[in-house]
2 protein chains.
Amino acid sequence: MKLLPERTIERLSKYRRVLQRELDNGTDHIYSHELAKLLHITPVQVRRDIMLIGHTGTLRKGYGIENLIKLIGEIIDCSSSEQNVAIIGIGKLGQALLEYLNSSNTRLNLSAVFDNNPDKIGDSFGGTLCHNIDNLKKIIIRENITIGILTVPPEYAKEISARMVDAGILGIMNYTPVSLKLDHAFLEEYDVITSLEKVAYFAKPRHAEFL
Amino acid sequence: MKLLPERTIERLSKYRRVLQRELDNGTDHIYSHELAKLLHITPVQVRRDIMLIGHTGTLRKGYGIENLIKLIGEIIDCSSSEQNVAIIGIGKLGQALLEYLNSSNTRLNLSAVFDNNPDKIGDSFGGTLCHNIDNLKKIIIRENITIGILTVPPEYAKEISARMVDAGILGIMNYTPVSLKLDHAFLEEYDVITSLEKVAYFAKPRHAEFL
DNA sequence: AATGTTATGTGATTTTTATAACAGTTGTTA
DNA sequence: TAACAACTGTTATAAAAATCACATAACATT
């Protein structure tokens with residue numbers, strides 16, 4: 001299938017979680033405007049996204065929740081082979097993200113955690129063993145890890161990310177404030193300070209368009 | 001001045017930090033292609049952003065770093081009144097973000113932290129006092145806090161965000177997985193699971209356009 | 001059966017964002 | 001001083017994303 005737009009993928013991830021909650025509540029169908037309301041977006045947006053993934057609803061009945069969840073799963077999780085994740089650098093942020101992962105029902109599988117702190121190596125973090133970062137490549141290969149969450153101190157970001165890619169990782173979620181450039185792997189970056197400063201810019205009385 | 005594009009603001013935040021580092025290294029001018037390289041974007045993008053904020057470089061000499069930093073500060077931080085920030089919910093993620101804030105040289109001022117856990121109330125987190133969330137409105141008004149970082153458990157997100165806005169907060173950075181809708185305040189949301197699932201989707205051999 | 005209402009599905013349009021193309025200016029070199 | 005090279009500033013174009021507008025189908029009501 002053709003690659004879907006980034007924003008659509010982001011929304012699909014959210015649709016899935018909201019839909020799962022509805023399913024657990026015993027609902028089996030949902031209208032585009034209901035789903036839209038739950039995420040504060042427009043019904044057209046919902047219908048277009050669903051159209052793009054080739055799902056089709058029933059007129060006057062809405063979308064079948066169970067089928068839709070399954071389809072989104074096939075798109076994001078890649079039905080065939082499950083995707084394994086590692087967190088590299090298990091400081092405060094790494095541990096916070098681990099909590100989010102463990103408390104969500106994503107199909108992504110946290111398989112390993114890495115750090116260079118001898119006090120942490122060998123410990124279990126939320127049920128996942130912390131490995132010595134020296135063994136990065138070995139463990140990534142052994143556990144068939146394809147996705148890495150990078151939460152190391154900034155001075156290590158460049159070197160470690162290169163080693164991750166070298167070990168065969170296909171995608172990195174980079175939370176360090178260092179901008180990276182990867183060859184042969186997908187990269188997504190999130191900068192905490194940048195988003196806060198963005199809020200600071202727009203959250204001003206002089207920018208009154210949200211009033 | 002007219003409102004700047006969101007993406008431009010995001011990049012300005014990054015320009016500033018990179019530029020500050022260069023300034024500390026003793027550099028006083030920088031070319032668009034140098035700045036671009038540091039952030040892995042194109043020189044045109046840099047020049048366009050700088051044009052949009054009304055700064056002007058010197059031909060064959062590049063941009064004056066000191067002036068540029070100052071101008072970005074006036075845009076983001078709002079030179080006149082400094083902006084005060086609070087973190088609401090000081091769990092693992094809240095503490096991780098606090099570390100980021102304290103270790104960055106952003107001009108945003110962390111003034112308060114809130115929680116409902118009696119063990120935390122009264123404690124200092126990285127130099128900032130943790131208040132009882134019952135006093136949210138009182139403290140927000142007293143400390144003139146305009147920006148809130150929301151890191152409470154999902155079940156509290158809606159209610160607390162409403163109370164934040166009621167207390168006069170102008171912008172919320174929402175890290176809970178609950179989608180919010182605010183009236184009269186700017187809202188930015190970041191969903192940890194969504195970005196990871198996005199990486200999962202694009203980081204697949206079948207999507208080989210990054211190879 | 002005719003009419004109205006409620007939803008879906010999608011082509012057309014607009015908005016936002018990024019890229020390309022290039023004019024103009026300053027300095028350098030032959 | 002003529003020709004060239006290196007950069008900035010900006011207009012024009014393209015690409016990505018969101019929204020609008022509306023055709024169409026299913027059902028309800030009269």
Side-chain angles (χ1 to χ4, degrees), chain A residues 2-15 19 27-65 67-68 71 179 181 186-189 194 198 201-202 207 209-210, chain B residues 2-15 19 27-65 67-68 71 179 181 186-189 194 198 201-202 207 209-210:
Chain A
K2 189 163 175 335
L3 217 55
L4 295 163
E6 296 208 9
R7 298 301 156 86
T8 294
I9 294 296
E10 291 176 14
R11 283 186 297 268
L12 288 176
S13 162
K14 295 177 185 180
Y15 295 160
L19 290 170
T27 320
D28 60 347
H29 280 75
I30 194 167
Y31 296 128
S32 63
H33 68 262
E34 294 174 317
L35 188 45
K37 192 159 193 188
L38 291 167
L39 293 167
H40 302 107
I41 58 178
T42 68
V44 191
Q45 185 87 84
V46 171
R47 291 204 298 277
R48 184 162 282 286
D49 287 335
I50 291 177
M51 183 195 94
L52 283 175
I53 64 175
H55 182 87
T56 173
T58 313
L59 214 76
R60 305 216 46 149
K61 242 188 130 184
Y63 301 96
I65 294 183
N67 287 340
L68 192 45
L71 179 55
S179 156
K181 174 74 168 38
F186 180 80
L187 174 67
E188 175 81 3
E189 310 202 304
T194 286
K198 179 177 170 185
Y201 174 77
F202 287 103
H207 301 152
E209 72 292 339
F210 57 70
Chain B
K2 189 164 177 333
L3 217 55
L4 295 163
E6 296 207 10
R7 297 302 155 87
T8 294
I9 295 296
E10 291 177 14
R11 283 187 296 267
L12 287 176
S13 161
K14 294 177 186 181
Y15 294 161
L19 289 170
T27 319
D28 61 346
H29 281 73
I30 194 167
Y31 295 127
S32 62
H33 67 262
E34 294 173 317
L35 188 46
K37 192 160 194 187
L38 291 167
L39 293 166
H40 302 107
I41 59 178
T42 69
V44 191
Q45 185 87 84
V46 171
R47 292 205 298 275
R48 183 155 247 296
D49 287 335
I50 291 177
M51 181 196 95
L52 283 175
I53 64 175
H55 182 86
T56 173
T58 313
L59 216 80
R60 308 218 77 197
K61 240 187 129 185
Y63 301 96
I65 294 183
N67 287 342
L68 191 45
L71 179 55
S179 156
K181 174 73 170 33
F186 180 81
L187 173 66
E188 175 81 3
E189 310 202 305
T194 286
K198 179 176 169 186
Y201 173 75
F202 287 104
H207 302 152
E209 72 292 339
F210 56 71

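We name chains A, B, ... by the order of the sequence lines, and we start the count at 1 in each one.
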Exercise. A/Y201 versus B/L12: any side-chain heavy-atom pair under 4.5 Å?
Worked result: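 No, every pair of side-chain atoms sits at 4.5 Å or beyond.
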Exercise. Would you say the side chain of A/R11 lies within less than 4.5 Å of the side chain of A/L39, judging by non-hydrogen atoms?
Worked result: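 Answer no - side chains too far apart.
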Exercise. NA contact type, A/R47, heavy-atom cut-off 4.0 Å: base, sugar-phosphate, or nothing?
Worked result: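 It contacts base atoms.
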For this session: Could you tell me whether B/T8 contacts a base, only the sugar-phosphate backbone, or nothing, with contacts defined as non-hydrogen atoms closer than 4.0 Å?
Result: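 Nothing: the residue B/T8, judged by heavy atoms under 4.0 Å, touches no strand.
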Exercise. When you check the phosphate oxygens OP1 and OP2 of D/dA17, does a side-chain N or O of A/R11 lie under 4.0 Å from one of them?
Worked result: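 Answer is no, no contact under 4.0 Å.
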Problem set entry | Short side-chain N/O contact to D/dA17 OP1/OP2 from A/Q45, under 4.0 Å |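 No, outside the criterion.
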Checking contacts here: which listed nucleotide ([options]) is nearest the side-chain heavy atoms of [X]?
| X | options | answer |
| --- | --- | --- |
| B/V44 | D/dT10, D/dG9, D/dT8 | D/dT10 |
| A/R60 | D/dA26, D/dA18, D/dT8 | D/dA26 |
| A/E6 | D/dA17, D/dA6, D/dT10 | D/dA17 |

Problem set entry | Nearest heavy-atom neighbours spanning B/L187 and B/K181 |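 Reported closest heavy-atom pair: CD2-N, 4.3 Å.
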Using whole Å, report how far [atom1] of [X] lies from [atom2] of [N].
| X | N | atom1 | atom2 | answer |
| --- | --- | --- | --- | --- |
| A/K2 | D/dA16 | NZ | C1' | 11 Å |
| B/Y63 | D/dA6 | OH | C1' | 13 Å |
| A/R7 | D/dA18 | CZ | C1' | 10 Å |
| A/L4 | D/dA17 | CG | P | 11 Å |

Exercise. Hey, is the main chain of B/I50 close enough, under 3.5 Å, to the side chain of B/Y63 for a donor-acceptor pair?
Worked result: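 Not a single qualifying donor-acceptor pair exists.
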Problem set entry | Any donor-acceptor N/O pair, B/Q45 side chain to B/T42 backbone, under 3.5 Å |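 Pair absent, no side-chain N/O of B/Q45 close to backbone of B/T42.
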Exercise. Which two nucleotides bound the region of DNA chain C that has atoms under 4.0 Å from heavy atoms of chain A, read 5' to 3'?
Worked result: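 Taking any atom under 4.0 Å from a heavy atom of chain A, the span is C/dT5 to C/dA12.
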